[in-house]
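Okay, so here's the structure we're looking at.
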Amino acid sequence: MILILQNIKELVQVDPKNRLWVAGKSMAEVETIKNAFLIIQDELIKDFGLMENFHQSEYELNDIIMEIDCSGKMVFPSYCDSHTHLVFAATREQEFVDRIKGLTYEEIAANGGGILNSAKRLQKMSEDDLFVQAMERLDEIMWLGTGAVEIKSGYGLTTESELKMLRVIRRMKQNSPLMIKSTFLAHAFPLEYRSKRADYVNFLINETIPIIASEELADYVDVFCDRGFFTVEETDRILMAGMKHGLRGKVHANELANSGGVQVGVKYNAISADHLEYVEDEEIATLMDSETMPTVLPGASFFLNLKLAPVRKMIGAGLPVALASDFNPGSSPSGNMNFIQSLGCLKYGMTPEETIHATTINSAYAMGISESYGSIAKGKVANLFITKQISGYAVIPYLFSSNLIETVILNGEIQ
Ligand code: NIG
Ligand code: FE
């Protein structure tokens, strides 16, 4: 099967160099081809270029050819959303109302709300119901342009419920056209372990992680290393256990305080360090000297009114930056990566070009898939979207509540 996109007004995020991430000043430049064609064979990008170099006759011998006229429309690689918690049992709008009335996110968490509230509900819900709900969220983000997504556990808190979440994610991998990576997340201490924290960490290390690894239920292990959650020492032990079982680390770091999470993440060569609101020169220097992708979650800062990660300083220092949605019921109830681009521009002073790299190739790196996803290059998986007729790529972050996506193509198939 050959699918030919013709007369594309602008083909965006073309990368003949096939870079695995884009850092510093280079983030300001996005390569595009105006008046372009793109050819998909089976699930891969076979060729692309200027319309004037497109020769239909070369493809006429093939049996099935489909063509799409993209006049006035633009084509982008699908977003890669490298940080979500989109398997959850229920929304938490009561906490949203409580925050409006003056409680803080940390106060709500300390009183058994927050993650513990989600865990209580998730423990009671059946695997089938969780799966059905999570598939609906996946469908929603697919139509908003996301073609690859990382999904975390962390609302189970008991081994049984963590495994339930990870099995739901495995089933999603088998049933969805999106590329999915799954992560075991050490998210919070259950109430009964608050005064015996070491016992809980031992339990995760000796029971939970070995089962997850032996059943191949996760691609990564993540720890919420922050004030009121896991300490640096506890995070160190969990990341070490993950490494021993072949699970590379990720960290939730420096969201609520300068937690030391970045340093411990980098020590274990975590693939990404996420949140980063409380980042100083020392953390920037540590990240510069690493293979860890700094990942900013604008939805959480926006929704919780948090301090903003110093993105301009990070890019200025030469770092790459990825943006992800953090889709979850407590701190970021949205998986809309178009809006994440808007927040990147409006709140963090990123240019539209920088947000394109941050939501495609850099976020692909942060979930370990940038060799095959995140840019338009020959041989990469054909995960793309075609926009409605638009004037230029900056209208995507500019029209901050519109969905400008008309057609979604995943694995070379029109959805
Ligand atoms: O990434 N920061 C930690 N965990 C999630 C939020 C969890 C929740 O409130 O349910 C986050 O923001
Ligand atoms: Fe998160």
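Atoms within a ligand are numbered from 1 in the order they appear, just like the ligands themselves. Just so we're clear, the structure is a prediction, and the values are computed from it rather than from any experiment.
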Query raised in the report: Would you find more than 12 non-hydrogen atoms of other residues, nucleotides or ligands less than 6.0 Å from Lys307 atom NZ?
Result: yes
Hey, is [X] close enough to [Y] for a salt bridge, meaning N to O under 4.0 Å?
{"X": "Arg137", "Y": "Glu140", "answer": "no"}
{"X": "Lys313", "Y": "Asp281", "answer": "yes"}
{"X": "Arg19", "Y": "Glu31", "answer": "no"}

Any idea which atoms of ligand 1 are less than 4.0 Å away from a heavy-atom of [X]?
{"X": "Ile115", "value": "7 (C), 8 (C), 10 (O)"}
{"X": "Tyr155", "value": "7 (C), 8 (C), 10 (O)"}
{"X": "Asp326", "value": "1 (O), 11 (C), 12 (O)"}
{"X": "Arg92", "value": "8 (C), 9 (O), 10 (O)"}
{"X": "His83", "value": "1 (O)"}

Query raised in the report: Of the backbone and side-chain N, O or S atoms of Asp326, does one lie nearer to the Fe ion (ligand 2) than 2.8 Å?
Result: yes
Requested in this report: May I ask you to check if any N/O/S atom from His85 comes under 2.8 Å of the Fe ion (ligand 2)?
Outcome: yes
Query raised in the report: Nearest heavy atom to atom 2 (N) of ligand 1: which of Lys152, Glu255, His187, His85 does it belong to?
Result: Glu255
Report summary line: Heavy-atom proximity to atom 7 (C) of ligand 1 ranks first, among Phe229, Tyr105, Phe224, for Tyr105
Query raised in the report: Nearest protein heavy atom to atom 12 (O) of ligand 1, by residue and atom, and its distance?
Result: Ser331 OG, 2.5 Å
Report task. On the 0 to 90° scale, with breaks at 30° and 60°, tag the Phe76-Phe385 ring pair as parallel, tilted or perpendicular. Result -> parallel
Query raised in the report: Heavy-atom distance under 4.5 Å between the side chains of Tyr155 and Val87, does that happen here?
Result: no
Query raised in the report: Looking at Tyr220, is Arg248 sitting on its ring face, NZ or CZ under 6.0 Å from the six-membered ring centre and within 45 degrees of the normal?
Result: no
